[in-house]
Every structure is written in structure tokens, then in C-alpha cells.
Chemist: 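After the C-alpha cells below, expect a handful of questions from me.
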Amino acid sequence: MTFTATQIEITPTGKALGAIVTGLDVSRPLAPEVVLQLKQAWRDHSLLIFKNQKLTDEQQIAFASYFGDILQQPAYVRKGETEPYLPPLVLTLANAATEESSVNTIPNHRALLPHIDHDWLPVPSSGSLLQAIKLPEDGGPDTTWFNLIQAYDELDEATKQQIADLQLRHINFYGKHRDEYATPNYAAGRTLEPGERVAIHPLVRTHPDTGKKILYLNAAGDVDIVDYDHAAGEKLIARLREHITQPHLAYSHHWSEGDLLYWDNQATAHYRPAFASNATRILKRVSIQGSRPF
Ligand SMILES: O=C(O)CCC(=O)C(=O)O
Ligand SMILES: [Fe+2]
């Protein structure tokens with residue numbers, strides 16, 4: 001069967017972003033009007049929450065492909081190794097061994113500070129789709145998304161003018177720094193360390209679908225403003241990071257197994273606190289190739 005647009009219910013979370021989608025099994029082929037309705041809802045809410053899904057890797061890729069090409073993350077050399085590692089299209093995020101090769105598992109029970117997936121690539125992802133496969137009994141830690149469109153809107157006019165033309169250097173904190181998950185730093189023009197990746201993007205980017213302005217900033221990795229006084233840049237970025245992580249800009253998701261979340265990496269940052277390393281939590285992620293920020 002295919003689903004019609006009228007069978008689907010899309011209910012906003014009532015928070016700064018996000019909507020819950022029910023009445024849909026995304027493992028099946030979707031009717032054209034349903035795909036269009038989902039795309040519109042994603043543009044409107046920046047985060048869609050699909051309940052009660054159970055997708056194989058192939059089905060997760062097939063559903064994600066309605067929204068664009070699947071992003072292939074570039075190969076990198078992992079800490080303590082010499083061979084470059086090419087991440088799979090479906091990333092397993094787990095803090096425990098899975099049946100699959102643990103080589104393809106990103107071990108993570110440490111905090112993931114508010115970050116934007118792939119902001120360190122010249123052409124970042126447009127979105128990510130994350131499915132909860134196995135969770136601790138209590139659902140485990142919540143994941144929180146921040147609305148970076150609203151964050152931009154709520155800046156005062158002087159700050160909007162001050163940052164209008166600034167370019168930000170984003171340094172990747174994965175790979176080499178896997179274990180460190182350091183507090184967010186100001187890079188102050190530092191040179192890259194081996195294994196690090198970097199991309200320069202406008203600090204204020206424009207949503208490619210809606211034209212809305214976005215404060216395209218994480219509160220996780222090293223960044224700095226290009227051609228800008230280091231002390232002033234550090235102060236400005238610290239202030240903006242406080243701004244984007246305010247509770248009223250957030251939606252916190254309490255996970256259930258079978259949840260599939262599809263968020264906009266162009267317009268949101270997300271955060272997951274540390275949790276007990278002996279609590280089994282396994283999720284799978286696919287990301288969509290985006291376009292050059294402008
Ligand atoms: O573990 C989580 O809830 C979030 C992981 C994450 O940052 C991601 O999948 O992009
Ligand atoms: Fe992420």
C-alpha cells in the first residue's frame with residue numbers, strides 16, 4: 001500500500017522546533033504527495049520525528065534518498081592507526097559492541113557538545129536521519145536540538161550588522177580528537193594538526209530552500225573568524241555560543257526504540273550529554289549531501 005497525505009498526522013512539538021509524524025511506515029514506497037508533504041514539514045519544523053519505525057540499512061538509505069544523495073564522509077586516519085578509514089554510508093553510533101564489525105562503530109558515551117554534522121566539510125550535509133535501534137530501559141539520554149534560524153532572528157540589529165559578512169573557519173573535532181570531546185575553543189588562526197579537516201563558511205548562512213537567515217555556528221569544535229582580531233573574535237564567538245544554546249531555542253527528544261529523526265543540519269545544532277558506558281545504546285545514521293553554504 002502507499003500512504004496518502006490525509007493518513008499522516010504532523011504535530012508540532014510546541015517547542016522551538018520539531019514535529020512528530022504519525023500514520024506512516026517509511027519502509028514502504030511513499031506517494032508523491034506524501035514525499036512533498038514531508039519535505040514541506042521538514043522546511044517548516046527543521047526536525048521530523050517518525051515513531052515506530054524498524055528500518056534495515058537498505059530501507060533507511062531508500063527513505064533518506066527521497067531527500068537527496070546519501071553523503072559519503074571522506075576517509076580519515078583514525079587515532080593510533082595508519083590506514084585511512086572510509087566510513088560506511090550507514091554509520092552505527094554505539095557505546096557497546098554490535099553484531100557488526102566494531103570497526104564500523106563510533107563508540108560514544110561521552111558528551112557530544114552542540115554541533116552541526118559535517119560543518120567541517122566544504123559541502124556539508126543538508127540533514128541527517130538517525131534511527132534508535134537499541135536503548136537503555138529508561139530511554140537513555142535525551143538529545144537536544146537548537147533552532148539556529150530563531151537564534152539569528154533574535155539577535156539585536158547591531159550584532160546582525162556586525163556579523164553580516166563574517167566568514168567562519170570550522171575545524172573538525174572527530175578523528176584525531178575522538179577521545180577528547182574538548183570544550184569549545186577559539187582556534188585563533190592556529191594551524192591544523194594531522195588528521196584535522198577544515199572548511200570556511202559564512203557565519204550567517206541563507207537556507208537554500210527557504211531563504212531564511214541562519215546563525216551557522218556550533219558550540220563544540222574549534223572555530224575562528226577569518227581576518228578578524230583574535231581577542232575580539234573569541235569574545236564574539238563565546239557570546240554567540242551562549243546565545244544559540246539558550247533553553248527557549250531547544251527541543252529535547254526523549255528516545256524510544258523505533259524513533260527515526262530527520263533534522264536539518266543547515267538550520268540546527270544538536271547536543272547529547274554523556275551517559276553511563278555500561279548502558280547499551282545503539283543508533284544508526286544516514287546523512288544527505290547538501291550544497292555549498294551561501
Ligand atoms: O547520540 C545522539 O543522540 C546524537 C548523535 C549525533 O550527534 C548524530 O547522530 O549526529
Ligand atoms: Fe551529530
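Atoms within a ligand are numbered from 1 in the order they appear, just like the ligands themselves.
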Chemist: Apply side chain to side chain contact (heavy atoms under 4.5 Å, CB included) to L121 and list each qualifying residue two or more places apart in sequence or on a separate chain.
Modeler: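 L121: side chain to side chain contact (heavy atoms under 4.5 Å, CB included) contacts with L71, P74, H118.
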Chemist: For G221, does its backbone N or O pair with a side-chain atom of H115 as donor and acceptor, under 3.5 Å?
Modeler: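 It does not hold such a pair.
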Chemist: Would you please indicate if the ring centroids of W145 and H270 are separated by under 6.0 Å?
Modeler: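 Yes, close enough.
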Chemist: Quick check on contacts: which atoms of ligand 1 are under 4.0 angstrom from a heavy atom of D117?
Modeler: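 So the atoms of ligand 1 that pass are 10 (O).
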Chemist: Quick check on contacts: which atoms of ligand 1 are under 4.0 angstrom from a heavy atom of L112?
Modeler: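 That gives atoms 5 (C), 6 (C), 7 (O) of ligand 1.
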Chemist: Any heavy atom of W145 closer to ligand 1 than 4.0 angstrom?
Modeler: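 It does not; every heavy atom stays at 4.0 Å or beyond.
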Chemist: Find all atoms of ligand 1 within a distance of less than 4.0 Å from any non-hydrogen atom belonging to R285, and give their numbers and elements.
Modeler: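 What qualifies from ligand 1 is 8 (C), 9 (O), 10 (O).
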Chemist: Write the atom name of the N, O or S atom in H270 that is nearest the Fe ion (ligand 2).
Modeler: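 This turns out to be NE2.
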Chemist: List ligand 1 atoms under 4.0 Å from R281, heavy atoms only on the residue side.
Modeler: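 The list of qualifying atoms is 1 (O), 2 (C), 3 (O).
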Chemist: Does T143 reach ligand 1 with a nitrogen or oxygen that is under 3.5 Å from one of the ligand's nitrogen or oxygen atoms?
Modeler: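 So ligand 1 has an N or O lying under 3.5 Å from an N or O of T143.
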Chemist: Have a look at D117 and say which of its N, O or S atoms is nearest the Fe ion (ligand 2).
Modeler: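 So the atom name we want here is OD1.
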Chemist: The criterion is salt bridge (Lys or Arg N to Asp or Glu O under 4.0 Å); which residues satisfy it with R197, sequence neighbours excluded?
Modeler: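 Salt bridge (Lys or Arg N to Asp or Glu O under 4.0 Å) check on R197 returns nothing, list empty.
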Chemist: Check whether the ring centres of F50 and F63 lie less than 6.0 Å apart, and answer yes or no.
Modeler: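 They qualify: ring centres under 6.0 Å apart.
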Chemist: Answer yes or no: is there a side-chain heavy-atom contact under 4.5 Å between D209 and K39?
Modeler: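 Result no, sub-4.5 Å side-chain heavy-atom pair not found.
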